[in-house]
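The structure under discussion appears below in the form of structure tokens.
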Number of protein chains: 2
Amino acid sequence: MNDRRSAHVRTGAGVPAYRRIATALWEQIQSGELAPGARLPNEAELAARFGVTRLTLRQAVIELQRLGAVEIRRGVGTFVMSPPDLVEIVASVPSLRQESDATADAFDEQALHRSARPVRTVDELILGSGAATGPLADEASAHLGVPAERLHRLDTVMVRDGRRWIANSYWFDERWAAVDGLVAEHALVVRAFADGLGLQLGYLWRAFSAIGADFDDAETLGVPTGTALLVRDGVSADDTGRPVFYVRRRLRGDEAKFVLRYDTEPMRVEG
Amino acid sequence: MNDRRSAHVRTGAGVPAYRRIATALWEQIQSGELAPGARLPNEAELAARFGVTRLTLRQAVIELQRLGAVEIRRGVGTFVMSPPDLVEIVASVPSLRQESDATADAFDEQALHRSARPVRTVDELILGSGAATGPLADEASAHLGVPAERLHRLDTVMVRDGRRWIANSYWFDERWAAVDGLVAEHALVVRAFADGLGLQLGYLWRAFSAIGADFDDAETLGVPTGTALLVRDGVSADDTGRPVFYVRRRLRGDEAKFVLRYDTEPMRVEG
DNA sequence: AAGTGGTCTAGACCACAAA
DNA sequence: TTGTGGTCTAGACCACTTG
């Protein structure tokens, strides 16, 4: 990434062996010496080549895995990752009024940038539902103005073209708990709210952050614990502006990005 | 997080010891039994308590570190992390025209949500500059419509209240390479462009994604390799709409979040 | 000086995927 | 069946922080 800052103290003394190895392999990958899709020698051989134990060698490889530089497949081998095939979820600014939610975006031909693997289908499956508990329940309660005791929680996963894509958690007033039964019919939770319950939904706010995958998200998305996830949370409201639900989505950073396009003349930067 | 999916096969047989231990500690943290700021017993004692080697115990603790559940301080101990003190960088939609860049936002009292530790100062320091190379140079070239040979690259770090905050990389036509010398005077790169070179800057687009910290970002931001980083990249243009620079910012997911507020009546969701 | 985490070894056995 | 990665041990020594 920061190409000019390559020649570091990293190669000098005092640098742990696993770090030295990871850096060496990483630079081979960056330079293209190890091309995307290439298979690395097995761990025993790499360990011998670098003069360390397999455990130490593994520490280096796992670090590369966390960087997204390699993919480790048990029983098969370790491979250099290809550049991510990002699905771009696009919204226009200031014409956001005509934009849909990311969920609906996924079906919108125009909202998704054509990638090597175009999006064809998106379904949303319920993983669990019930009374809201835990620290985020209080946050949801504050966002919605609904007491935590009255909050209902819905956990889902969006499946894109047969692949688990986005882990979602919704919080809303228990009086809308009936949506649970409508999701299968309408494929997506937001549509269950809109078409099933007849609510006209819109945004109050959206926010972006990043976290490491916890145990549940890792299992849901099929990634190693700690993998960098993009978090997009927000509150949707009905046409009177009253909050309906708080939603928190988690997706792999290398599988999608959210794009805001400013289609009109550019805006001035203050100061 | 997903509270209802707690009782897993995780505790059964076939589950690695380090995972079992990590889960056990994690649940103690989630339940508040291990309160934020609390110090864990040292590794030797924990290892004995769980009946494993110190190395195995460490594997569990490191996994918790990647989750952001604990902070490991060498020579001191391991502590339960406090809930993140997120700085909220707020933009209003559709009134985005009056919004400034994140850099300028950092100085805007209204744009930053009051957190426990309010933002007082933001400076931007140059880490390096020169000809643009590497894979991202091609991307920048495409975004700007400038040949890669003519691209200049500028690496900086924004320092908030004395703490390294955001790692930035800028790419732009070499004819603006003079900004390098203006950054110190104007504190921020965007201001060096605006006030130093007299360019009226605005957005063409912004995008959000997430990655694991690579070796350079980890060193720049003082975090472990692989830490989840929020990436915000985009292209800024002058008042004629011609692209000026492509910028890619990386920041810790637990230190800031970008918020888009829809201040007017809510928007309809399609479909 | 004492206590804590950081790194490493040599060897073993297990779990999974592909042939 | 073979080859690959996944987990674990018992012990050692090093590096950092604090008193």
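To find a chain, count down the sequence lines: A is the first, B the second, and so on, and within it residues start at 1.
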* To do: Using a cut-off of strictly less than 4.0 Å, decide whether A:Thr56 has a side-chain nitrogen or oxygen near OP1 or OP2 of C:dT7.
  => no
* **Euclidean distance, atom CG of residue B:Leu55 to atom C1' of C:dC8 [Å, nearest integer]** => 9 Å
* To do: Classify the nucleic acid contact of A:Val52 as base, sugar-phosphate or nothing, counting any heavy atom under 4.0 Å across all strands shown.
  => sugar-phosphate
* To do: Could you check if a side-chain atom of B:Ile211 sits within less than 4.5 angstrom of a side-chain atom of A:Asp254, using non-hydrogen atoms only?
  => no
* Could you tell me whether the phosphate oxygens of D:dG11, OP1 or OP2, come under 4.0 Å of any side-chain nitrogen or oxygen in B:Thr53? => no
* To do: State, yes or no, whether a side-chain contact exists between B:Asp233 and A:Lys257 at a heavy-atom distance under 4.5 Å.
  => yes
* Rounded distance in Å - CZ (B:Phe79) to C1' (D:dT18) -> 12 Å
* Does B:Asn42 place a side-chain N or O at less than 4.0 Å from the phosphate oxygens OP1/OP2 of C:dG3? -> no
* So, does the side chain of B:Arg54 form a donor-acceptor pair with the base of C:dG6 at under 3.5 Å? -> yes
* Roughly how many Å is it from CG in B:Leu57 to P in D:dA10, rounded to a whole number? -> 14 Å
* Rounded to whole angstrom units, what separation is found between the CZ atom of B:Arg39 and the C1' atom of C:dT4? -> 7 Å
* Asked: Do any N or O atoms from the side chain of B:Arg153 and from the backbone of B:Ser169 form a donor-acceptor pair under 3.5 angstrom?
  -> no
* To do: Could you check how far CZ of B:Arg73 sits from C1' of D:dC16, rounded to whole Å?
  => 13 Å
* To do: With heavy atoms under 4.0 Å as the rule, sort A:Ala17 into base, sugar-phosphate or nothing.
  => sugar-phosphate
* Asked: Under a 4.0 Å N-O cut-off, is there an ion pair linking B:Glu255 with B:Arg163?
  -> yes
* Structure fact -> Judged by nearest nucleotide, the residue sitting upstream toward the 5' end of DNA chain C, B:Gln65 or A:Gly75, is B:Gln65
* Between C1' of D:dA10 and CD of B:Glu43, the distance in whole Å -> 16 Å
* Quick one: is C:dG5 close enough that its OP1 or OP2 comes under 4.0 Å of any side-chain N or O from B:Arg58? -> no
* Asked: Taking only N and O in the side chain of B:Tyr18, is any of them less than 4.0 Å away from OP1 or OP2 of D:dC8?
  -> no
* Asked: Atom CG of B:Leu46 to atom P of C:dG6: distance rounded to whole Å?
  -> 13 Å
* Asked: Pick from A:Arg49, A:Arg74, A:Arg54: which one makes a salt bridge (Lys or Arg N to Asp or Glu O under 4.0 Å) with A:Glu43?
  -> A:Arg54
* Look at the side-chain N and O atoms of A:Thr78 and state whether any lies under 4.0 Å from the OP1 or OP2 oxygen of D:dG5. => yes
* To do: Figure out the CZ/C1' separation between A:Arg20 and C:dT7, and round it to whole Å.
  => 13 Å
